[in-house]
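Numbering starts at 1 and runs along the sequence shown. First listed ligand is number 1; within each ligand, the first listed atom is number 1.
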Amino acid sequence: MSKSTTELRAPNENWLQRWKDNNIGWHHVEFNQHLLNYWHSLYLPAGSLVLAPLCGKSRDMFWLAEQGYRIRGIELSRLAISQFFDEHNLKPTVEQHDYFEQWRQGPFELLCGDIFDLAQQDNSDIDAVYDRASLIALNPQQRKQFARLIIDLLPGHAKILLVTLEYPQDEMSGPPYSVGEAEIRELFGQNFTINLLHHLDLLHNTDRYQHHGVSQMVEKIYLLKPAGNPK
Ligand SMILES: C[S@@+](CC[C@H](N)C(=O)[O-])C[C@H]1O[C@@H](n2cnc3c(N)ncnc32)[C@H](O)[C@@H]1O
């Protein structure tokens, strides 16, 4: 493995350890309110396939399935995936493929492995991406690689609903990282039109970041629509 690859993959161990320690403060039992409020702006027909990168055991996948969508989730931690199926009383089949272990049941296909190996398989069937706490979970170098991967693998019609956080990065170390609008435009702007749908001041409207010592914490929800430019 080259040095740069080693550096890129080092954070994986930390995530796996967080799952072992059940240190998963990002996981919410409630469905994400922004998903409920804004998913309709994608105008995605039921039956479409939604990619949930870095999916954890997000309950939002269950909500999407309830709306009639099929889900392809990618997650490093086998523990997270098995907990997702257990907690919804689902009995998946598990098959080992080249790069991923594939857990399937009904509308759910959860791939256990590294998102950066996703380029190794065909993903031309994806219709949309739901990114909550995925881009912002990655360090700056990984974010560039992640954006390139998503741009390359999505078919021309696919849209993205993206939930980010913005805060003064010097006041807290990530993850979650602060990812501002300028960076979103830099990462995706050539291939997508970027619409800010909503922003929410989390410090004054929730008690989630009161004790992190940050002076600002804003959640932003974007809709990314294909711009039709060549990749
Ligand atoms: C902050 S959590 C967010 C999970 C989920 N999106 C949610 O909203 O609950 C990030 C997740 O990404 C997973 N992860 C981190 N790096 C990954 C990678 N390179 N490939 C696949 N999964 C990864 C972690 O194990 C963790 O479950």
Query raised in the report: So, Gln105 versus Trp103: side-chain donor-acceptor pair below 3.5 Å or not?
Result: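 Absent: no donor and acceptor within the cut-off.
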Query raised in the report: Between the side chains of Gln102 and Glu109, is a donor N or O closer than 3.5 angstrom to an acceptor N or O?
Result: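 The answer is yes; a qualifying pair exists.
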Query raised in the report: Can the ring centres of Tyr222 and Phe188 be said to be less than 6.0 Å apart?
Result: no
**Report entry** is_close_aromatic(Tyr209, His212), centroid dist under 6.0 Å
**Finding:** yes
Query raised in the report: Quick one: side chain to side chain donor-acceptor pair (under 3.5 Å) pairs with a partner in residues 22-33, sequence neighbours left out?
Result: Gln33-Asn37
Query raised in the report: Is the closest side-chain heavy-atom distance between Ser58 and Arg132 below 4.5 Å?
Result: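 They are not in side-chain contact.
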Any protein N or O within less than 3.5 Å of an N or O in ligand 1? List each pair with its distance, or say none.
from	atom 1	to	atom 2	distance (Å)
ligand 1	6 (N)	Leu54	O	2.8
ligand 1	6 (N)	Arg132	O	2.8
ligand 1	8 (O)	Arg132	O	3.3
ligand 1	8 (O)	Arg132	NH1	2.7
ligand 1	9 (O)	Arg132	NH1	3.4
ligand 1	19 (N)	Asp114	OD1	3.1
ligand 1	20 (N)	Ile115	N	2.9
ligand 1	22 (N)	Leu76	N	3.1
ligand 1	25 (O)	Trp19	NE1	3.2
ligand 1	25 (O)	Glu75	OE2	2.6
ligand 1	27 (O)	Trp19	NE1	2.9
ligand 1	27 (O)	Glu75	OE1	2.8
ligand 1	27 (O)	Glu75	OE2	3.3

